[in-house]
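Below, each value reflects all heavy atoms present in this structure, side chains not excepted, and no hydrogens, waters or symmetry copies.
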Amino acid sequence: MIPNKCKQCKEEVVWWAIVVNICQMTYKGLLGAMTGSVALVADSLHSGADVIASIVTMLCVKISKRKASDKYPYGFGNIQFISSSIVGIILILGAIYLMYESILKIIEGNIEAPSFLAVLGAGMSVVVNELMYRYQHCVGKENNSPAIIANAWDNRSDALSSVGVLIGILFAVLGFPIADVVAAMVVAILVARIGIELNIDAIDGLMDTSVEMDVLKDVYNIAANVPNIEEVRHLRGRNVGEDIHLDISIGVSGSLKVYESDLIAQALKERIYAEVRHVTDVQIAVVNS
């Protein structure tokens, strides 16, 4: 069972992400232009891409709540994996743009050291993005939401990006102007890596990869301890967005009547729903041992 506080956080988290990213895009863009920091301006563009990613996440989370229909009998949960993929693609495109701009600066030789004020802007960005990562990751894990977790990793990539920008600006201010550009290139590689990982996770989700082994072990132990279940013959589970769907085959004595087998299966379902989080569908096949 998901605590009410976590459900409330789920309703608020994306709005917070949008507001924070808009604020970051604005102040980093203005500060980058005022101080002459190319890396800080690039970081503000990254925050702008995050605004789009947050809006995509919000829309997909809302759609995933829709009830199953005749056309989509298994519901809309998997759209959260599509959201994760879109966020990943936005990160990859942002990384390519950062790398392109950095290489162009080196080729043109148009590199100047920014003012020290840019250090403050990059430092604030590190702190804000790390706090947003921890907040969103907590909400995503508690609600088992791939879309919100992906958005959290987007903020972690922003924090790493800002660390690189901070180091680059510091070295540039100390007399190595090219450090500002080199830092932006390193950041681009880190951001692209996170984008690729998000897409791999999204593909795994859409391909119905198994739920975590710990979940299957918990379900197995519950089934093994339900009275009159003599064996668990088959057990598998998959993630459908925020939900977990399970298929179980249990063996009971051949002397039991049909209605008694139904009562055993119902008891098993109720225990799984009560004890294993995020399970919303359990299909049980009862066979003679």
Side-chain angles (χ1 to χ4, degrees), residues 2 4-33 39-66 76-98 121-163 165 187 190-192 194-195 197-199 201-202 205 241-242:
I2 302 173
N4 288 333
K5 184 178 179 182
C6 296
K7 291 180 180 177
Q8 181 64 30
C9 286
K10 181 186 170 186
E11 298 297 322
E12 299 172 350
V13 64
V14 181
W15 285 108
W16 277 111
I18 292 173
V19 171
V20 170
N21 282 323
I22 289 175
C23 292
Q24 287 202 101
M25 177 185 67
T26 304
Y27 91 79
K28 283 190 287 191
L30 291 173
L31 202 57
L40 201 55
V41 171
D43 210 23
S44 76
L45 294 177
H46 189 185
S47 294
D50 292 344
V51 175
I52 299 173
S54 296
I55 292 173
V56 170
T57 300
M58 181 179 66
L59 292 175
C60 288
V61 168
K62 285 187 178 296
I63 293 173
S64 71
K65 293 178 182 174
R66 291 182 181 175
F76 296 82
N78 277 342
I79 196 171
Q80 294 208 20
F81 294 118
I82 297 174
S83 170
S84 298
S85 178
I86 292 173
V87 173
I89 290 171
I90 290 173
L91 289 178
I92 293 170
L93 293 176
I96 292 172
Y97 176 76
L98 280 176
M124 185 183 298
S125 179
V126 173
V127 174
V128 171
N129 280 309
E130 183 61 21
L131 289 175
M132 284 301 297
Y133 163 75
R134 292 171 185 265
Y135 171 47
Q136 292 199 88
H137 196 263
C138 175
V139 176
K141 288 291 285 184
E142 291 298 323
N143 289 280
N144 199 36
S145 170
I148 295 175
I149 291 174
N151 217 33
W153 278 105
D154 190 13
N155 273 109
R156 171 55 67 82
S157 81
D158 289 347
L160 292 173
S161 167
S162 295
V163 168
V165 170
V187 167
L190 292 174
V191 171
I194 292 175
E197 289 176 348
L198 285 176
N199 271 281
D201 290 343
E242 301 173 4

Query - Spacing of CD belonging to Glu142 relative to NE2 belonging to His137, to within rounding of 0.5 Å - result: 11.0 Å

Requested in this report: Check the pair Ile82, Asn78 against side chain to side chain contact (heavy atoms under 4.5 Å, CB included), reporting the backbone distance first and the verdict last.
Outcome: CA-CA 7 Å; Ile82 297 174; Asn78 277 342; over 6 Å; no

Report summary line: CG of Asp154 to CD1 of Ile148, rounded to nearest 0.5 Å, is 13.5 Å

Query - Inter-residue atom distance Asn129.CG - Leu160.CG, 0.5 Å rounding - result: 9.5 Å

Query raised in the report: Got more than 12 heavy atoms from elsewhere within 6.0 Å of CZ, Phe76?
Result: yes

Report summary line: For Val165 and Ala122, the nearest pair of non-hydrogen atoms, with its separation, is CG1-CB, 4.0 Å

Report summary line: By salt bridge (charged side-chain N to carboxylate O under 4.0 Å, His left out), Glu197 pairs with (sequence neighbours left out) Arg193

Query raised in the report: Which residue pairs pass the salt bridge (charged side-chain N to carboxylate O under 4.0 Å, His left out) test when at least one of the two sits in residues 123-139, sequence neighbours left out?
Result: Glu130-Arg134, Glu130-Arg156

Requested in this report: Can you run down the salt bridge (charged side-chain N to carboxylate O under 4.0 Å, His left out) pairs that involve residues 80-97, sequence neighbours left out, and say none if there aren't any?
Outcome: none

Query raised in the report: Under 3.5 Å, is there a donor-acceptor pair between the Ser145 and Lys10 side chains?
Result: no

Query - Candidate pair Gln24 and Asn21, rule side chain to side chain contact (heavy atoms under 4.5 Å, CB included), full reasoning - result: CA-CA 5 Å; Gln24 287 202 101; Asn21 282 323; 3.8 Å; yes

**Report entry** Closest contact, heavy atoms only, Val126 versus Val163
**Finding:** CG2-N, 3.6 Å

Report task. To the nearest 0.5 Å, tell me how far Asn199 CG sits from Phe81 CZ. Result -> 13.0 Å

Query raised in the report: Hey, what do you get for CG (Asn143) to CD (Gln80), rounding to the nearest 0.5 Å?
Result: 9.5 Å

**Report entry** Ile149 side, atom CD1; Asn151 side, atom CG - distance, nearest 0.5 Å
**Finding:** 11.0 Å

Requested in this report: For side chain to side chain contact (heavy atoms under 4.5 Å, CB included), just list the numbers for Val139 and Tyr135, CA-CA rounded to whole Å, side-chain angles, deciding distance to a tenth of an Å, and then say yes or no.
Outcome: CA-CA 6 Å; Val139 176; Tyr135 171 47; 3.8 Å; yes

**Report entry** Under 3.5 Å: donor-acceptor pair, side chain of Ser125, backbone of Gly121
**Finding:** no

